[in-house]
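Single-structure report; data block below.
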Amino acid sequence: MSRFLVVGDAILDVTVAPSRPVRAGGDVPAVIRLGPGGQGANVAVRLARRGEQVGLLAPIADDAGGRLLRESLVADGVEVLSMPVTRSAVVVALLDAGGERSMLSDRQAIAAEDAAGALDHGDWIHVSAYALLDDVNGDGLAVALGARGADVRLSLAGGSIPPEPAVVARFLGRMANARPDVVVVSRDEAAALLGRPSEMAREAARRLAERAPIVVVTAGSAGSAAASGGSVVAVPAPDVPGPTLDATGAGDAFVAALISRLAGGSWPPGEAALQAGMEEGSQAGALVARVVGAQARVAGERAP
C-alpha cells in the first residue's frame with residue numbers, strides 16, 4: 001500500500017442550482033447544498049475510499065466550517081495535517097442546466113514552510129496546482145517539492161489555470177522547479193499552458209510532453225489522452241448512464257483513480273498500465289459527475 005500525501009485545500013462548498021437564470025437584483029428559487037470540498041480534500045477522500053493510506057496537508061481554521069471539514073475527512077479515513085489560518089476556505093459553485101459550474105472562491109494560502117516540514121509523510125505526493133499558482137508561496141513550495149527524495153513520486157493537477165501569459169510563465173517556472181512525475185490538466189488548462197485555443201486532448205498532451213514524464217489531458221465527454229515515453233495513449237469517455245448533474249470533483253476523482261493505479265505498479269508505468277489507470281479515472285469521474293456534491297459517495301467506493 002502506498003502512503004499518499006495530498007497538498008491542497010479543504011473547502012466548504014456551497015453548491016447553488018438556480019431554477020432559472022439569475023436576474024440582477026432579483027430573487028430566484030434555487031436548490032442550495034452545503035458540503036465538504038476542495039481540490040486537495042476531494043483527491044484525498046477518493047484515495048481513502050479506494051483503500052489507500054492518505055494524509056491531507058491543508059489550511060483549515062478552528063471555526064464552524066473547519067470543524068465540519070475535519071470531521072468529514074476523518075470519517076473517511078484521511079489523516080488531517082492542518083495548517084493554522086484565521087478562517088476556513090469557502091467556495092460557491094453555481095450550476096447551470098447541464099451541470100457545469102462557475103465558482104466564486106475564498107481560498108486560503110498554503111505556506112511553503114509548513115508544507116516543507118510535512119513532505120516526508122508520503123512516498124507519493126499529490127499537489128493541487130492552485131498552490132503553485134499562489135504568487136506569495138508558490139515559489140517556495142515548488143523548491144520544497146523539487147527537493148523531495150529520489151524515490152518519492154509527485155503528481156500535479158488542476159488549478160483552473162488562467163490564460164494569462166504572465167501567470168502561465170510563472171506557473172511553468174514553478175512546475176519545472178517542482179519536477180512532477182505526472183501532470184494532469186483539463187483541455188482548457190492545457191490551452192492556457194500552450195497559449196493557443198483548445199485542441200484535441202491527444203495533440204495537447206503531445207505538445208506538453210516535455211513538461212513531465214507523464215502528461216495527461218482530460219476532455220470530459222471527448223475522453224482523455226496521455227503522453228509518456230514518446231508515445232500517446234488515448235482513452236474514450238466511458239458509457240455511464242444518467243445525466244451530468246454536477247461536474248464539481250469529477251476531475252479530482254479521475255486523478256485519485258489514476259495515481260492510485262500508477263502507485264501500485266512499477267515505475268515508469270508501461271502503456272498498458274497507464275491506459276488502465278486512465279480508464280479507471282474516466283469511470284470514476286463520470287460517476288462523480290452524476291451526483292451532486294464534490295465528495296458525494298458513488299458506487300464501488302469503500303464505506304467508512
Side-chain angles (χ1 to χ4, degrees), residues 4-14 36-47 55-61 65-66 69 73 80-83 85 87-93 101-116 118-119 125-146 154-164 166-178 180 182-193 211-212 216 218 247-256 259 294-295:
F4 287 90
L5 173 68
V6 179
V7 181
D9 45 15
I11 293 177
L12 200 60
D13 277 352
V14 182
Q39 199 168 78
N42 295 343
V43 172
V45 164
R46 299 296 176 189
L47 284 168
L56 173 67
L57 179 65
I60 304 176
L69 292 169
L73 288 162
V80 181
L81 308 170
S82 60
M83 294 179 284
V85 285
R87 69 182 188 282
S88 296
V90 179
V91 165
V92 177
R101 80 273 193 260
S102 300
M103 297 189 294
L104 304 171
S105 303
D106 181 8
R107 299 182 181 278
Q108 299 298 318
I110 295 174
E113 59 271 20
D114 291 338
L119 295 183
I125 301 170
H126 176 74
V127 63
S128 164
Y130 281 115
L132 290 189
L133 284 165
D134 178 14
D135 286 332
V136 175
N137 297 286
D139 289 328
L141 178 59
V143 170
L145 292 167
L154 173 67
S155 52
L156 169 69
S160 299
I161 303 163
E164 300 172 17
V167 174
V168 169
R170 293 194 296 272
F171 176 78
L172 288 175
R174 292 166 191 154
M175 191 166 79
N177 287 335
V182 181
V183 172
V184 183
V185 291
S186 70
R187 186 166 54 187
D188 287 344
E189 289 164 346
L193 294 178
R211 300 294 181 180
V216 182
T218 61
T248 309
D252 303 325
F254 177 102
V255 169
I259 64 177
Q295 294 177 20

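This one's a predicted model, so the numbers in the text were calculated from it and none came from an experiment.
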Worksheet entry | Student check: side-chain heavy atoms of H126 and L5 closer than 4.5 Å | no
Response to the item:
Sorted by chain and residue number, the side chain to side chain donor-acceptor pair (under 3.5 Å) partners of D252 (sequence neighbours excluded) come out as N42
Worksheet item: How many angstroms lie between CD in Q108 and CE in M83, if you round to the nearest 0.5 Å?
Response: 10.0 Å
Worksheet entry | Chi angles and distances behind the side chain to side chain contact (heavy atoms under 4.5 Å, CB included) call for L193, F171 | CA-CA 9 Å; L193 294 178; F171 176 78; 3.7 Å; yes
Worksheet, complete the sentence: d(M175 CE, L132 CG) to nearest 0.5 Å is 9.0 Å
Worksheet, complete the sentence: Minimal heavy-atom distance between A115 and I110, with the atoms involved, is CB-CG2, 4.4 Å
Discussion item. Within this structure, what is the CG-CD1 distance for the pair L12 and I60, rounded to the nearest 0.5 Å?
Written reply: 11.0 Å
Item to complete: Let me see the working for D13 and V92 under side chain to side chain contact (heavy atoms under 4.5 Å, CB included), right down to the final yes or no.
Response: CA-CA 6 Å; D13 277 352; V92 177; over 6 Å; no
Fill in: Close side-chain approach of L73 to P36, heavy-atom, < 4.5 Å
no
Discussion item. Quick check against the 3.5 Å criterion: does S88 have a side-chain atom that pairs as donor or acceptor with the backbone of A61?
Written reply: yes
Practice prompt. Test V185 against V216 for side chain to side chain contact (heavy atoms under 4.5 Å, CB included), laying out the working first.
Written response: CA-CA 6 Å; V185 291; V216 182; over 6 Å; no
Discussion item. Any heavy-atom pair between the side chains of L56 and L81 that's under 4.5 Å?
Written reply: no
Practice prompt. Determine, step by step, whether S160 and Y130 satisfy the side-chain hydrogen bond (donor to acceptor under 3.5 Å, both in side chains) criterion, reporting the C-alpha distance in whole Å, the side-chain angles of both residues, the deciding distance to 0.1 Å, and the verdict.
Written response: CA-CA 8 Å; S160 299; Y130 281 115; 3.0 Å; yes
Worksheet item: Can you find a pair of side-chain heavy atoms, one from V91 and one from D106, that are under 4.5 Å apart?
Response: no
Which pairs would a plain distance check flag for residues 136-146, meaning a side-chain donor or acceptor within less than 3.5 Å of a matching protein atom at least two apart in sequence or in another chain?
| from | atom 1 | to | atom 2 | distance (Å) |
| --- | --- | --- | --- | --- |
| N137 | ND2 | D134 | OD2 | 2.9 |
| D139 | OD1 | R174 | NE | 2.8 |

Worksheet item: What are the two closest non-hydrogen atoms of V6 and G40, and how far apart are they?
Response: CG1-O, 3.3 Å
Discussion item. Distance check, rounded to the nearest 0.5 Å: S82 atom OG versus L57 atom CG?
Written reply: 8.5 Å
Worksheet item: Can you find a pair of side-chain heavy atoms, one from L119 and one from I125, that are under 4.5 Å apart?
Response: yes
Practice prompt. Search all heavy atoms of A157 against all heavy atoms of V255 and return the closest pair with its distance.
Written response: CB-CG2, 3.7 Å
Worksheet item: Do V182 and L154 come close enough that some side-chain heavy atom pair is under 4.5 Å?
Response: no
Practice prompt. Output all residues satisfying salt bridge (charged side-chain N to carboxylate O under 4.0 Å, His left out) with R170, sequence neighbours left out; order by chain, then residue number.
Written response: D135
Worksheet, complete the sentence: Here the pair of heavy atoms bringing A212 nearest to V183 is CB-CG2, 3.7 Å
Discussion item. Ignoring hydrogens, what is the shortest heavy-atom contact between S128 and Q39? Give both atom names and the distance.
Written reply: OG-OE1, 2.6 Å
Item to complete: List the steps, then state whether side chain to side chain contact (heavy atoms under 4.5 Å, CB included) holds for V184 with L156.
Response: CA-CA 6 Å; V184 183; L156 169 69; over 6 Å; no
Practice prompt. Kindly give the heavy-atom pair with the smallest separation between A10 and A58, and that separation in Å.
Written response: N-CB, 3.9 Å
